[in-house]
Protein chains: 4
Amino acid sequence: MEPIRRRALVKATIEEVGRSGSLDVTVARIARRAGMSSALAHHYFGGKEDIFLASMRHILTVFGAAVRGALATARTPEERVRAIIRASFEAGNFHPHVISAWLNFYVHAECSPEAARLLRVYQRRLHSNLVHALRPLVGDRAGEAAEAIAALIDGVYLRHALRERPARPAEAVQLVEGHLDLLLAGGGR
Amino acid sequence: MEPIRRRALVKATIEEVGRSGSLDVTVARIARRAGMSSALAHHYFGGKEDIFLASMRHILTVFGAAVRGALATARTPEERVRAIIRASFEAGNFHPHVISAWLNFYVHAECSPEAARLLRVYQRRLHSNLVHALRPLVGDRAGEAAEAIAALIDGVYLRHALRERPARPAEAVQLVEGHLDLLLAGGGR
Amino acid sequence: MEPIRRRALVKATIEEVGRSGSLDVTVARIARRAGMSSALAHHYFGGKEDIFLASMRHILTVFGAAVRGALATARTPEERVRAIIRASFEAGNFHPHVISAWLNFYVHAECSPEAARLLRVYQRRLHSNLVHALRPLVGDRAGEAAEAIAALIDGVYLRHALRERPARPAEAVQLVEGHLDLLLAGGGR
Amino acid sequence: MEPIRRRALVKATIEEVGRSGSLDVTVARIARRAGMSSALAHHYFGGKEDIFLASMRHILTVFGAAVRGALATARTPEERVRAIIRASFEAGNFHPHVISAWLNFYVHAECSPEAARLLRVYQRRLHSNLVHALRPLVGDRAGEAAEAIAALIDGVYLRHALRERPARPAEAVQLVEGHLDLLLAGGGR
DNA sequence: AATGAATGAGCCTTCATTCAT
DNA sequence: AATGAATGAAGGCTCATTCAT
């Protein structure tokens, strides 16, 4: 039972946070959407913060899996970079509720050490993946390039959280790949 | 007294929200930091939400003034774009507390219509400034280019909110201008 | 549990309002007298106003039941009128706390639409009962007669709310029946 | 200045209490309607309760004056009784706001000793006036008769407080005089 | 495994009241 | 005579959390 309940709660949390656009959702609401009592939610997780952390972990895990999956089929360095970008805006990750929940958790990291830790892990992995893929393409400037692409990805997420639904993954990808195109075209020398 | 008190409250709000990295700060805390009772804070503003909106308005006003000031001395289109970028990361705007408060208000706009309205005004103005400056440089692609630069600016802000203090305006500017450099170098053709 | 708690709260409300002679009683006081936390009171009712309305509804229900019960055993029109009068001052209704609570709710109806609605229902039912019983006795003048008796009942209640305890049902009945006696004696012609 | 300000406040209080149908009106509102600051209201009266008491005193004074005036022109005992009844529903007293304020103060007496004292004075005077006028008409039964008429007057007031505006003095008088008519017609023997 | 029952803690907000000017 | 400025106190309400069943 436990894993089923936990999954249901995580899903409900993302939906509820995503819908309301705020972490000020009651445990009772989340539990109700997950089809159980709030007492049970507390039983399976320690408390509200733990539910949030589990949800954040889930979002980051899904994201990581998407990147890993995309990287597996990439053959060239350039393909690897594009794979990371595309994975970032894949349907599963780029759903309005998920975007909003992601942003809320992101901000929540400012006052939750554990959330900050999770986020740093994600950022470091993304950065390392990007650097690894970019090095053969731009050499020493891989670090800055990775930083710019990561910022661009986060910025696009941020701006989508406020936009009217639904999100347009294709546009998002194009915007970030536009930067990559410039980088590869002009940056060769 | 009223303008003095209001200014003090806005300043205290930004500081308190910035420090804690969350909008879950009590009116009492804000008022205490501003050196008054919470009753007085409610007297001068209507309530908590109004204090937040006034603070957000203040941040956006300061930002707008910085951009306007920077634009005033720019002579060429390229200088105009760089002026906007630099103004975005000017010391006054790019203070850790301000960054954090800005981000929190940004997210708050997801569930506050008035905050959303304020944000849209800021976004539209930034976009229009960028497009106006970019058109002579990249022609039809000014719209996309503006979108990318704006996303980059927001992304850098977002990532700085999580970083350990203090912020590094110079690095931030360089990151965004790096994109502009690529754009202008590769966009000639 | 719910019905038990609700009953306890209604009872405590009437007692507390009756004792203090005012609706300015805190939910906490009411809840404490009912043996629970104020949070639970808010849980079972929506808020203070709902607690008041439920209490008013209870008073009017008890009153209505008393009248219905008394009418059931009345054989003649005159007995019906006297039954209504006596039921109005029956021990259950004419308890000092109940009188005071009733009066407070009555006045509260001036600024609470739902309370006003409840009161109108009670008034209309009382009026209709009286008219129905009086018609065979005074014909066309049943309407005015009902109005006078109702006003007399309310006036006696009002004046008892201020009196030192305890109430004297017998005197109250006699006062109203005195009017009825005059009506029936002089109204023959 | 003082008497002018006090009069203005009393008038504003009756209007404000009458309009809202509740004593839960802020001193600030009352003062604003009276065209002054709430601080000044506190200066002239000791506090909120004193403003209420002065307003109540004013209502009772006006009422008393109306009765005295009416009694002055009455020649026979019966005329005296009718004079009292008519004075009770005179335009000045029977204005919707005044009725509502009167009722609110009446109920307030349940938890304000001084208000209770004022009310008792009014009640005693009314009772004594009625008894004095009724004695020549109904002898020993003057006490009960006075009680009934007083209850009827209060009841009519009470019921008018809830009614839709405007009040109908004529109907009110007729209702109470109807009782008197019965009393004099049937009570002679 | 699951929940209804229950509460302590805390926050926003209101308002009568005071005081310096 | 008059008021703007200021606050302490208090109340309604919410909610995360606990616990007995």
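Owing to the predicted nature of the structure, the values given are computational and were not obtained by experimental measurement. The figures here come from the full heavy-atom set of this structure, side chains too, leaving out hydrogens, waters and symmetry mates. Below, chain A is the first sequence line, B the second, and so on; all start at residue 1.
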Of A:Ala41 and B:His43, the one whose closest DNA chain E nucleotide lies more 5': A:Ala41

With sequence neighbours excluded, what pairs up with D:Arg120 under the salt bridge (Lys or Arg N to Asp or Glu O under 4.0 Å) test? C:Glu164

With a cut-off of 3.5 Å and sequence neighbours excluded, list every side-chain donor-acceptor pair involving residues 56-63 of chain A.
residue: A:Arg57; atom: NH2; partner: A:Glu114; partner atom: OE2; Å: 3.4
residue: A:Thr61; atom: OG1; partner: A:Arg57; partner atom: O; Å: 2.7

D:Ala65: which residues meet the side-chain contact (heavy atoms from CB on, under 4.5 Å) condition with it, sequence neighbours left out? D:Arg68

Provide the start and end nucleotides, 5' to 3', of the part of DNA chain F that has atoms under 4.0 Å from heavy atoms of chain B. F:dA5 to F:dG8

Please identify each residue that fulfils side-chain contact (heavy atoms from CB on, under 4.5 Å) with D:Arg32, with sequence neighbours left out. none

Atom CG of B:Asp50 and atom P of E:dC12: how far apart are they, to the nearest Å? 13 Å

side-chain contact (heavy atoms from CB on, under 4.5 Å) involving B:Arg5 - partner list, sequence neighbours excluded: B:Met1, B:Met36, B:Leu40, B:Tyr44

Classify D:Tyr44 by what it touches in the nucleic acid, base, sugar-phosphate, or nothing, heavy-atom distance under 4.0 Å. sugar-phosphate

Nucleic acid contacts - residues 24-40 of chain B versus DNA chain E, non-hydrogen atoms under 4.0 Å: B:Val25, B:Thr26, B:Val27, B:Ser38, B:Ala39

I'd like a table of donor-acceptor pairs (distance under 3.5 Å, sequence neighbours excluded) in which one partner is a side-chain atom from residues 46-55 of chain B, with atom names and distances.
residue: B:Lys48; atom: NZ; partner: B:Val25; partner atom: O; Å: 3.0
residue: B:Glu49; atom: OE1; partner: B:His108; partner atom: NE2; Å: 3.0
residue: B:Glu49; atom: OE2; partner: B:His108; partner atom: NE2; Å: 3.4
residue: B:Glu49; atom: OE2; partner: B:Ser112; partner atom: OG; Å: 2.8
residue: B:Asp50; atom: OD2; partner: B:Gly47; partner atom: N; Å: 3.2
residue: B:Ser55; atom: OG; partner: B:Ile51; partner atom: O; Å: 2.8

Any ion pair linking A:Glu15 and A:Arg19 (charged N to carboxylate O, less than 4.0 Å)? yes

For A:Arg29, check side-chain hydrogen bond (donor to acceptor under 3.5 Å, both in side chains) against everything at least two apart and list the hits. A:Glu16

According to side-chain contact (heavy atoms from CB on, under 4.5 Å), who are the partners of D:Ala12, at least two apart in sequence or on a separate chain? D:Ile30, D:Arg33, D:Ala34

For C:Gly46 and for A:Gly46, find the nucleotide of DNA chain F with the closest heavy atom, then tell me which residue's nucleotide is more 5'. C:Gly46

For a stem of at least 3 consecutive Watson-Crick or G-U pairs with distances under 3.5 Å, i pairing with j, i+1 with j-1 and so on, which stems involve DNA chain F? E:2-21 with F:2-21

Excluding sequence neighbours, so at least two apart, what forms side-chain hydrogen bond (donor to acceptor under 3.5 Å, both in side chains) with B:Tyr157? none

